[in-house]
Amino acid sequence: MRPAMKRGISETRDATASPHFKKLPREFFNQPAVDLSKALLGKVLARKLPNGEVLRGTIVETEAYPGTSLSNHRKRSARNAAMFMEPGTAYVYFTYGMYHCFNISAQEEGGACLLRAVEPLQDYASMRELRDRPAKKKKTETGSGKKSKKPWKLYELANGPGKLCLAFDIDRGSCDKQDLVTSDLMWLENSDNESFQPGNFEVEESKRVGIDSSPPESRNQLWRFLIVDNLAVSTAKPHQRISETAGADEVRCVISGFELQNQAVLFC
DNA sequence: AGACTGATAATCT
DNA sequence: GATTATCAGTCTG
């Protein structure tokens with residue numbers, strides 16, 4: 001069994017604290033999608049709601065979608081135009097007829113980073129309301145047959161790409177093409193939590209999730225990054241959706257940070 | 001703890 | 001008509 005103690009879950013903080021000096025500048029986003037995806041881990045996503053409240057959470061899982069021919073070789077279209085805009089532009093798309101995914105454009109044209117999981121910082125109550133609010137009206141609204149929904153754990157509020165969009169009230173209409181450097185609606189900050197400083201956590205690299213239709217040379221890349229031992233990472237584990245051939249090469253754990261001590265292979 | 005299923009709709013070609 | 005690629009619930013062992 002794994003130890004119950006996990007790193008990084010923090011107390012809810014004062015919602016009015018808005019340390020603007022921590023806001024990440026353009027230069028942070030001006031790096032290739034793979035590098036940016038790693039650099040995003042441990043950063044804080046801030047989102048101001050229509051009522052003025054600011055939600056915050058620490059990014060704990062990302063995926064890179066480089067703009068190179070290696071990966072998503074998709075043409076520019078009206079839908080994905082944000083991926084071709086300034087580094088640090090929010091690209092939000094609608095999927096499965098129900099959910100949204102939140103990406104941040106990177107240096108190269110057409111390159112972006114998908115945010116897959118966020119560890120909530122503030123405000124638990126607001127995020128829970130947003131999660132409880134069904135994306136669409138459920139057909140079966142019968143009062144009797146309902147299984148009582150168990151309250152979300154803190155770390156379950158945004159542990160997936162669709163869930164984090166719900167919890168942070170992110171949708172295409174309000175967030176697509178927002179510039180994270182200049183927008184008042186959403187931006188990134190450095191974390192003040194010691195355990196989220198670069199080099200203080202381990203990063204696991206694995207294959208991306210849900211891209212079976214991509215060509216092998218793209219889908220076999222280890223372009224999913226998550227903070228090891230963080231409870232708030234998404235529930236799609238590397239060994240799920242990756243076929244029986246999964247081996248040590250496909251799930252490498254390295255010490256990240258920027259002093260990359262290349263460590264032994266751990267299978268997670 | 002893992003496998004499977006159904007629900008859902010804008011955008012693209 | 002094809003693409004997109006999540007979540008909650010349910011079943012199985």
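Residue numbers start from 1 in every chain, and the chains themselves are labelled A, B, ... in the order their sequence lines are given, proteins ahead of strands. Every heavy atom of this structure was used, including side-chain atoms; hydrogens, water molecules and symmetry mates were not.
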Report task. With sequence neighbours left out, write down each residue that passes side chain to side chain donor-acceptor pair (under 3.5 Å) with A/Ser191, or none if nothing qualifies. Result -> none
Query - Interatomic distance at P, C/dA5 relative to B/dT13, whole Å - result: 14 Å
Report summary line: Atom CG of A/Leu114 and atom P of C/dT6 are separated, to the nearest Å, by 8 Å
Query - Partner of A/Glu189 by salt bridge (charged side-chain N to carboxylate O under 4.0 Å, His left out), out of A/Lys43, A/Arg56, A/Lys23 - result: A/Arg56
**Report entry** Consecutive-pair stems (at least three Watson-Crick or G-U pairs, under 3.5 Å) that include DNA chain C
**Finding:** B:1-7 with C:6-12, B:9-12 with C:1-4
Query raised in the report: Can you find a side chain N or O atom of A/Tyr93 that sits less than 4.0 Å from OP1 or OP2 on C/dA5?
Result: yes
Query raised in the report: Starting at CZ of A/Phe94 and ending at P of C/dA5, how long is that distance when rounded to a whole Å?
Result: 13 Å
Requested in this report: Return the value, rounded to whole Å, for the distance between atom CG of A/Asp171 and atom C1' of C/dT6.
Outcome: 16 Å
Query raised in the report: Excluding sequence neighbours, so at least two apart, what forms ring pair (Phe, Tyr, Trp, His ring centres under 6.0 Å) with A/Phe28?
Result: none
Query - Contacts of A/Ser105 that satisfy side-chain contact (heavy atoms from CB on, under 4.5 Å) - sequence neighbours left out - result: A/Thr89
Query raised in the report: What residues, two or more places apart in sequence or in another chain, satisfy salt bridge (charged side-chain N to carboxylate O under 4.0 Å, His left out) together with A/Arg47?
Result: none
Query raised in the report: Hey, does the side chain of A/Arg131 come within less than 4.0 Å of C/dA8's phosphate (OP1/OP2), counting only N and O?
Result: yes
**Report entry** Closest to the A/Trp152 side chain, choosing from B/dC12, B/dA7, C/dA8
**Finding:** C/dA8
Requested in this report: Rounded to the nearest angstrom, tell me the gap between atom CD in A/Glu63 and atom C1' in C/dA5.
Outcome: 10 Å
Query raised in the report: What is the distance, rounded to the nearest whole Å, between atom CG of A/Leu164 and atom C1' of C/dA5?
Result: 15 Å
Query raised in the report: What is the distance from CZ of A/Arg208 to P of C/dT6, rounded to the nearest Å?
Result: 12 Å
Query raised in the report: Is the cationic atom of A/Arg208 (NZ for Lys, CZ for Arg) positioned less than 6.0 Å from the six-membered ring centroid of A/Tyr65 and within 45 degrees of its normal?
Result: yes
Query raised in the report: According to the salt bridge (Lys or Arg N to Asp or Glu O under 4.0 Å) rule, which pairs have a member within residues 78-98 of chain A, sequence neighbours left out?
Result: A/Arg26-A/Glu86
Query raised in the report: Closest to the A/Pro161 side chain: B/dA7, C/dT6, B/dC12?
Result: C/dT6
Query - Atom P, compared across B/dA7 and C/dT4: separation rounded to whole Å - result: 22 Å
Requested in this report: Round to the nearest Å and state the distance from A/Arg79 atom CZ to C/dT4 atom C1'.
Outcome: 6 Å
**Report entry** Between C1' of C/dC7 and NZ of A/Lys163, the distance in whole Å
**Finding:** 7 Å
Requested in this report: Give a yes/no answer on whether the side chain of A/Thr95 brings an N or O atom under 4.0 Å of OP1 or OP2 in C/dA5.
Outcome: no
